[in-house]
Amino acid sequence: MPTFVDRVVLHAAAGDGGHGCASIHREKFKPLGGPDGGDGGRGGDIRLVVEPSVTTLLDFHFHPHQRASRGRPGQGSNRYGADGEDLILPVPDGTVVLSAVGEQIIDLVGAGSTFVLARGGRGGRGNASLASARRKAPGFAELGEPGEQLDAVLELKTVADVALVGFPSAGKSSLVSVLSAAKPKIAEYPFTTLVPNLGVAQAGDHLPYTVADVPGLIPGASEGRGLGLEFLRHIERCSVIVHVLDCATLEPGRDPLTDLDVIEAELAAYSADLSDRPRLVVLNKIDVPDAADLADLVTADLRARGLDVFAVSSATRRGVHALSLALAEKVAALRAAAPSPSATRVVLRPRAVNEPDFTVTTLGEGFLISGAKPLRWVRQTDFTNDEAIGFLADRLARLGVEKELARLGATAGVEVTIGDVTFDWEPTLSGGGLGVGGQGVGGQGVGGVVLVGGSGGGDATEDRLGADEPAASTRAVAAAPASLGPRGSDDRLSGSVRLTRAERMARARRSRLADSDAAGADARTGGAVDTDA
């Protein structure tokens, strides 16, 4: 069973928003007390948070599917649905988030760094929030918006101050075990270390520093040979690179200078950013007599290249203290020279003034409408409710979708697609606008309803055309037009005889004037009544 995982594919699904509620307030003597449907709750987000106590992506290796809770639906009596809880995923320091195609999304470095990987869907509005002067009692509510779903690749790049690099069996794991309290696996065969080992070392009065034992590199590692790419990315975070050279190797064609040139070539081929990192050279295994002689021979050549050279023996711990003290001093100097950390800046990206709310492009013989607003409106529309469809048509008309389609020369019956929904574009009977006939989500029909209405604002009138086809039909078929009022309006109020406040006041004024005229006539005649008349 693996204990260290540095690359996983995470399938994240944020919570869906709760549906809004369509409800009418009812109580004794008030059978129709107005809309009181509450809004649905927001879906939960999926957040990545850097946790110092987490050192591996092992949890996501066994549980790659992560889903946040959804928002609760709204209820009557203006009761709003509860928001879904955010799902917090702790990740190690140095985690890089990549898209499914390999593009870097964010680099999480530093304890407490947070990133919203997937956002929860918005909750749908209830009919109480949708009520207006034109639509006093909506008979529909919005659906909750689905949460974001995506596949992300999480890669771990070890965060350490010192990286030990070298050929397999060069003694890197042994050196980490004597520099720190780490206990890596040590054996006499190559590629003993398959995962990076971290250790904390301290020397003198300097602050502690971390040492990473990077698995062995071989020629061609920068091209992926021997899992080289899996190991090389752990060096990018380190401040100091230490070349551990094996002076006791018996392999033909190998010596400390050749090994150094090969590893340097692989580092340069992997990333140019590693060329300016401070470097040290460790000539290891000098407890072997021939290795000690070889170390003495190559020391002058290495120092001629401007490198600090330390001859050590992990077995006898000879030269280990001097090496640890030099590493501590170099790390302390680099920390002092590093710029002081500043608070993360909040980047504001305001929307451009001339950025359109939507775009219309040709799609075969039809048109495709894209844009955040139209897509969200379609996802929140209940296509089983004719009034909700009319409300959607009104919103698209106010946004200017109908005018843009007319400008592009859309003809009657052409297919118009928004997200997963396909409509039939139909001009109005007056020729001033257009309407949409729903094909439905995923090819399902919406009762064969074709909406025909005026373009622009809500003052335009429309006709709703019924159909005799069943609700599962894939194409809306128009029947005889029946005028049902403006799109999205409440037809139940068309037969209401309730007077408005202005009408009641006018009627009261007329009644008072009539009473005053009658009183004046009585005063002029003295209250006498002409019986002949």
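One-based numbering along the sequence shown.
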Stepwise salt bridge (charged side-chain N to carboxylate O under 4.0 Å, His left out) check, Arg335 with Asp161:
CA-CA 10 Å; Arg335 290 175 179 174; Asp161 298 314; 2.7 Å; yes

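Checking Val50, Asp93, Val49 one by one against Ser113, the side-chain contact (heavy atoms from CB on, under 4.5 Å) holds for a single residue, Val50. Of the listed residues (Gln380, Glu142, His19), just one forms a side-chain hydrogen bond (donor to acceptor under 3.5 Å, both in side chains) with Arg125, and that residue is Glu142.
How far CG of Asp394 is from CD of Glu402: 8.5 Å, rounded to the nearest 0.5 Å. Rounding to the nearest 0.5 Å places CG of Asp86 at 5.5 Å from CD1 of Ile88. Summarising the geometry, atom CZ belonging to Phe140 is positioned 5.0 Å from atom CG belonging to Leu130; distances are rounded to the nearest 0.5 Å. Atoms CG and OG1, on Asp45 and Thr114 in that order, are 12.0 Å from each other to the nearest 0.5 Å. Here the CD1 atom belonging to Ile46 is positioned 9.0 Å from the CD atom belonging to Gln149, to the nearest 0.5 angstrom. Considering CZ of Phe115 and OG1 of Thr95, their distance stands at 12.5 Å, rounded to 0.5 Å.
Scanning both residues, Ser23 and Asp36, for their nearest heavy atoms gives OG-OD1, 2.8 Å. Across all their heavy atoms, Ala163 and Cys238 have their closest contact at CB-SG, 3.3 Å. The shortest heavy-atom contact between Pro374 and Leu399 is CG-CD2, 3.8 Å. Scanning both residues, Gly366 and Val414, for their nearest heavy atoms gives CA-CG2, 3.7 Å. Here the closest non-hydrogen pair linking Asp151 and His11 is OD1-ND1, 2.8 Å. Looking at every heavy atom in both residues, Gly126 comes nearest to Ala141 through CA-CB, 4.0 Å.
For the pair Leu405 and Val360, the minimum side-chain heavy-atom distance is below 4.5 Å. You'll find the side chain of Val91 stays beyond 4.5 Å of the side chain of Glu51, heavy atoms only. You'll find the side chain of Leu392 reaches within 4.5 Å of the side chain of Phe383, heavy atoms only. You'll find the side chain of Val97 reaches within 4.5 Å of the side chain of Leu117, heavy atoms only. Residues Val153 and Val8 form no side-chain contact, since every pair of their non-hydrogen atoms from C-beta on lies 4.5 Å or further apart. Looking at heavy atoms from C-beta onward, Leu89 lies out of side-chain contact with Arg47 at the 4.5 angstrom threshold. In this structure, Val165 and Ile241 have side chains that are in contact, with non-hydrogen atoms separated by less than 4.5 Å.
Distance alone, capped at 3.5 Å, is enough to place a donor-acceptor pair between the Asn127 side chain and the Gly37 backbone. Between the side chain of Asn385 and the backbone N or O of Gly139, at least one donor-acceptor pair lies under 3.5 Å. A donor-acceptor contact shorter than 3.5 Å links the side chain of Arg79 to the backbone of Gly76. No donor-acceptor distance shorter than 3.5 angstrom exists from the side chain of Arg135 to the backbone of Ala133, with no hydrogens or angles considered.
Scanning for side chain to side chain contact (heavy atoms under 4.5 Å, CB included) contacts around Pro146 gives Asp16, Arg379, with sequence neighbours left out. The salt bridge (charged side-chain N to carboxylate O under 4.0 Å, His left out) check on Asp83 picks up nothing, with sequence neighbours excluded. With sequence neighbours excluded, no residue satisfies salt bridge (charged side-chain N to carboxylate O under 4.0 Å, His left out) with Arg119. By the side chain to side chain contact (heavy atoms under 4.5 Å, CB included) test, Ala372 pairs with no residue at all, sequence neighbours left out. Scored by the side chain to side chain contact (heavy atoms under 4.5 Å, CB included) test, Arg501 finds Arg504, Met505 as partners (sequence neighbours excluded).
With a 6.0 Å radius and a threshold of 12 heavy atoms from other residues, nucleotides or ligands, Glu404 has its CD atom above the threshold. Heavy atoms of other residues, nucleotides or ligands lying less than 6.0 angstrom from NE2 of His63 number 12 at most. Environment of CD in Glu365: sparse, with no more than 12 heavy atoms of neighbouring residues, nucleotides or ligands closer than 6.0 Å. Remark: Arg507 CZ is loosely packed, at most 12 non-hydrogen atoms of other residues, nucleotides or ligands lying under 6.0 Å away. Residue Arg67 places its CZ atom among 12 or fewer non-hydrogen atoms of other residues, nucleotides or ligands, all under 6.0 Å distant.
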Quiz: residues 100-110 side-chain donor-acceptor pairs under 3.5 angstrom, not counting sequence neighbours:
unit_1 : atom_1 : unit_2 : atom_2 : d
Asp107 : OD1    : Arg237 : NH2    : 2.5
Asp107 : OD2    : Arg237 : NH1    : 2.9
Asp107 : OD2    : Arg237 : NH2    : 3.0

